[in-house]
Amino acid sequence: MNSAPVPVKQKTFNLLDFDREGLATFFVGLGEKPFRATQLLKWIYQEGVVDFNLMSNFSKPLRSYLQGNCHITTPEIVLEKLARDGTRKWVVQTGCGNQIETVFIPEESRGTLCVSSQVGCALACTFCSTGQQGFNRNLTTAEIIGQVMVAQQRLGDEKKITNVVMMGMGEPLLNFDNVVAAMNLMMDDFAYGLSKRRVTISTSGVVPAMYRLTQACDVSLAVSLHAVTDGLRDELVPINKKYPLKELMAACRVNAKIAPRRTITFEYVMLNGINDSIEDARGLIKLLKSVPSKLNLIPFNPFPNTIYTCSSNNTINRFKTLLNEAGIVTTVRKPRGEDIDAACGQLVGQVADKSRRHLKLKTVSAEYAV
Ligand code: SAH
Ligand code: SF4
């Protein structure tokens, strides 16, 4: 007699979804001591061991429970690109035909990983290629910390990730819990041990979540400003209609008070004839005087069908000089990885839009089809 097929048991927990606190709660729930959390973090992030059977300081019954009910799964890289300047870009599969991108930018004294937080972005900033694709879903904590894991694996021992910026695809503060848990792991001494100065979250200004962040997680903050009047910012960064400049700057001041010795980095994309006049520079000086700030001018990265162009070098330099002369430390972001489209605003992947702003699956770069 043929017996009925036994259903394959679903392994329910991806243990990369938990930070130390989450793991401690998980182990206590199993009747184990909370210190199992640090032991597991060490196995995964320091020893690179993901086979529960090799975790020798766990009892046999615990190993067998983990083996039966849990897994440690990183996202899958489907394409790797290496630029002439050493910048590397990975296209990462996130299921259902969706892809995100992760970028490593090597410099003399550091290696910065630019990590994605969502598949697409719902905020629809008009100068941003990700924002033009619509939104599909939030990434899990495992998919966010997994980008750091797979990137470090690909880089090997020679190049180390010393800094992480949440500046890839998506608005990290709209995926709050998963992003905070992943950043906790980046800073945990038993995982990646990066200092809070080396982990930066970038936001277009989700004000309530900025307040929440000051309570939940002490990391460096970057704010995408891009305009100094509500009229123009409403157009470029539509979330400004909900949280206008006055509210945004108030949230920045509160954040600066919590971390007194740290400055907030303001990002400002240079759009030819749109936000790059002397008037704009003067407005910016006035706005930034109320917060300890650094300014990062980002040359606009064009993408197909955009209506914008980048300000000229002369204009960018004039802007920079005016700001520096007013005492605001201002730098111009050096374009990196241009030959592999690895710059800000060019992280596109492939997104099936669920926000109904667009109706079809968009393969923005055909070369990514696998
Ligand atoms: N959603 C977050 C983080 C991801 S975007 C945010 O908006 O801050 C990371 C940075 O790239 C932001 O400062 C964003 O404004 C900038 N950016 C987006 N599109 C760009 C483009 N086409 N050229 C230059 N910078 C761009
Ligand atoms: Fe989203 Fe940031 Fe792009 Fe705006 S700039 S659409 S918030 S990813």
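Formation of a donor-acceptor pair under 3.5 Å by the Asn324 side chain with backbone atoms of Thr330 is found in this model. A donor-acceptor pair under 3.5 Å is formed between the side chain of Thr162 and the backbone N or O of Gly111. Remark: side-chain polar atoms of Thr306 are not paired, donor with acceptor, to backbone N or O of Phe303 under 3.5 angstrom. Side chain of Lys89 to main chain of Leu79: no donor-acceptor pair is present (N/O by atom type, distance under 3.5 Å, no hydrogens or angles). Counting only distance, with no hydrogens or angles, the side chain of Ser311 and the backbone of Thr315 share no donor-acceptor pair below 3.5 Å. Within the 3.5 Å criterion, the main-chain N or O of Gly156 finds a donor-acceptor partner in the side chain of Gln152. Looking only at distances, no side-chain donor or acceptor of Asn14 sits under 3.5 Å from a matching main-chain atom of Asp17. When atom types are taken as modelled, the side chain of Glu171 and the backbone of Ser204 share a donor-acceptor pair closer than 3.5 angstrom. The backbone N or O of Asp276 lies less than 3.5 Å from a partner atom in the side chain of Asp280, making a donor-acceptor pair. With Asp188 contributing its side chain and Asn184 its backbone, the two residues share no donor-acceptor pair below 3.5 Å.
Checking each of Arg88, Arg84, Lys81 against Asp339 for a salt bridge (Lys or Arg N to Asp or Glu O under 4.0 Å) leaves exactly one that passes, namely Arg84.
Seen from the ring of Phe190, Arg20 does not count as a face-on cation partner, given the 6.0 Å and 45° thresholds.
For the atom pair Ile105 CD1 and Asn163 CG, the distance stands at 10.0 Å (nearest 0.5 Å). In this structure, Asn301 CG and Ser129 OG are separated by 10.0 Å, a value rounded to the nearest 0.5 Å. The line from OG of Ser195 to CE of Met187 is 9.0 Å long, rounded to the nearest 0.5 Å. Of the inter-residue distances, the one linking Met270 atom CE with Ser312 atom OG reads 8.5 Å to the nearest 0.5 angstrom. Atoms CZ and CG, from Phe27 and Leu66 in turn, are 5.5 Å apart once rounded to the nearest 0.5 Å. A distance of 8.5 Å separates CZ of Arg198 from OG1 of Thr112, quoted to the nearest 0.5 Å.
The two atoms that bring Leu236 and Ala227 nearest to each other are CD1-CB, 4.3 Å, heavy atoms only. Gly86 and Pro106 get closest at one heavy-atom pair: O-CG, 3.4 Å. The shortest heavy-atom contact between Gly120 and Thr130 is C-CG2, 3.8 Å. A pairwise comparison of heavy atoms in Ala251 and Met210 identifies CB-CE, 4.0 Å as the closest pair. Of all heavy-atom pairs between Leu323 and Ala281, the closest is CD2-CB, 3.9 Å. Contact detail for Ala83 and Gly337: the closest heavy-atom pair is CB-CA, 3.7 Å.
Within 6.0 Å of atom CG in Asn305, 12 or fewer heavy atoms from other residues, nucleotides or ligands are found, so the atom counts as exposed in its surroundings. Within 6.0 Å of CD on Glu107 lie more than 12 heavy atoms contributed by other residues, nucleotides or ligands. Summarising the local packing, CD of Gln46 is surrounded by more than 12 heavy atoms from other residues, nucleotides or ligands at distances under 6.0 Å.
Taking hydrophobic clusters as Ile, Leu, Val, Met, Phe, Trp and Tyr residues chained together by side-chain heavy-atom distances below 4.5 Å, Ile298 does not share a cluster with Val329. Placement of Leu232 and Ile278 in two distinct hydrophobic clusters is found when ILVMFWY residues are connected by side-chain heavy-atom separations under 4.5 Å, directly or transitively. Linking Ile, Leu, Val, Met, Phe, Trp and Tyr whenever their side-chain heavy atoms come within less than 4.5 Å puts Ile307 and Val237 in one cluster. The hydrophobic cluster containing Leu322 does not contain Val269, counting ILVMFWY residues as joined when their side-chain heavy atoms lie under 4.5 angstrom apart, directly or transitively. Grouping the Ile, Leu, Val, Met, Phe, Trp and Tyr side chains by contacts below 4.5 angstrom, directly or via other members, places Leu54 with Leu15.
Side-chain atoms of Ser117 and Met166, non-hydrogen and from C-beta on, do get closer than 4.5 Å to each other. Between Phe104 and Leu155 there is a side-chain heavy-atom pair separated by less than 4.5 Å. Leu284 has its side chain within reach of Phe319: a pair of non-hydrogen atoms, C-beta onward, lies under 4.5 Å apart. Taking the side chain as every heavy atom from C-beta outward, Phe135 and Leu174 never approach each other to under 4.5 Å. Side-chain contact between Met183 and Ile201 is present, with heavy atoms from C-beta onward closer than 4.5 Å. Between Asn314 and Ile316 there is no side-chain heavy-atom pair separated by less than 4.5 Å. Residues Thr94 and Glu76 are not in side-chain contact: their nearest non-hydrogen atoms beyond the backbone lie 4.5 Å or more apart. Within the 4.5 Å cutoff, no side-chain heavy atoms of Ile161 are placed close to those of Tyr192.
Ring-plane geometry between Tyr268 and His226 is classed as tilted, the angle between the planes lying from 30 to 60 degrees on a 0 to 90 degree scale.
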Step-by-step side chain to side chain contact (heavy atoms under 4.5 Å, CB included) determination, Thr73 to Leu16
CA-CA 7 Å; Thr73 310; Leu16 301 184; 5.8 Å; no

Salt bridge (Lys or Arg N to Asp or Glu O under 4.0 Å) assessment of Glu267 paired with Arg333:
CA-CA 10 Å; Glu267 295 157 280; Arg333 188 174 296 167; 3.6 Å; yes

Tell me, with the steps shown, if Asp177 and Arg212 meet salt bridge (Lys or Arg N to Asp or Glu O under 4.0 Å).
CA-CA 10 Å; Asp177 293 340; Arg212 234 182 118 195; 3.0 Å; yes

Working for side chain to side chain contact (heavy atoms under 4.5 Å, CB included), residues Met149 and Ile44
CA-CA 10 Å; Met149 289 176 82; Ile44 300 176; 3.8 Å; yes

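Sorted by first and then second residue, the salt bridge (charged side-chain N to carboxylate O under 4.0 Å, His left out) pairs involving residues 133-147 (not counting sequence neighbours) are Arg137-Glu143. Under the salt bridge (charged side-chain N to carboxylate O under 4.0 Å, His left out) criterion, the residue pairs touching residues 32-44 are Glu32-Arg36, with sequence neighbours excluded. Listed by first and then second residue, the salt bridge (charged side-chain N to carboxylate O under 4.0 Å, His left out) pairs involving residues 215-244 are Lys196-Asp218, Asp218-Arg262 (not counting sequence neighbours).
For Phe26, the ring pair (Phe, Tyr, Trp, His ring centres under 6.0 Å) partners at least two apart in sequence or on another chain are Phe13, Phe18. Evaluation of the side chain to side chain donor-acceptor pair (under 3.5 Å) rule for Thr87 yields Asp85 as partners, not counting sequence neighbours. Phe266 pairs by the ring pair (Phe, Tyr, Trp, His ring centres under 6.0 Å) definition with nothing, not counting sequence neighbours.
Aromatic ring centroids of Phe58 and Phe52 lie 6.0 Å or more apart.
Under 3.5 Å, the side chains of Asn175 and Gln118 contain no donor-acceptor pair of N or O atoms. A donor-acceptor contact under 3.5 angstrom links the side chains of Thr309 and Asn272, judged on distance only.
Here Glu80 pairs with Arg154 in a salt bridge; the nearest charged N to carboxylate O distance falls below 4.0 Å.
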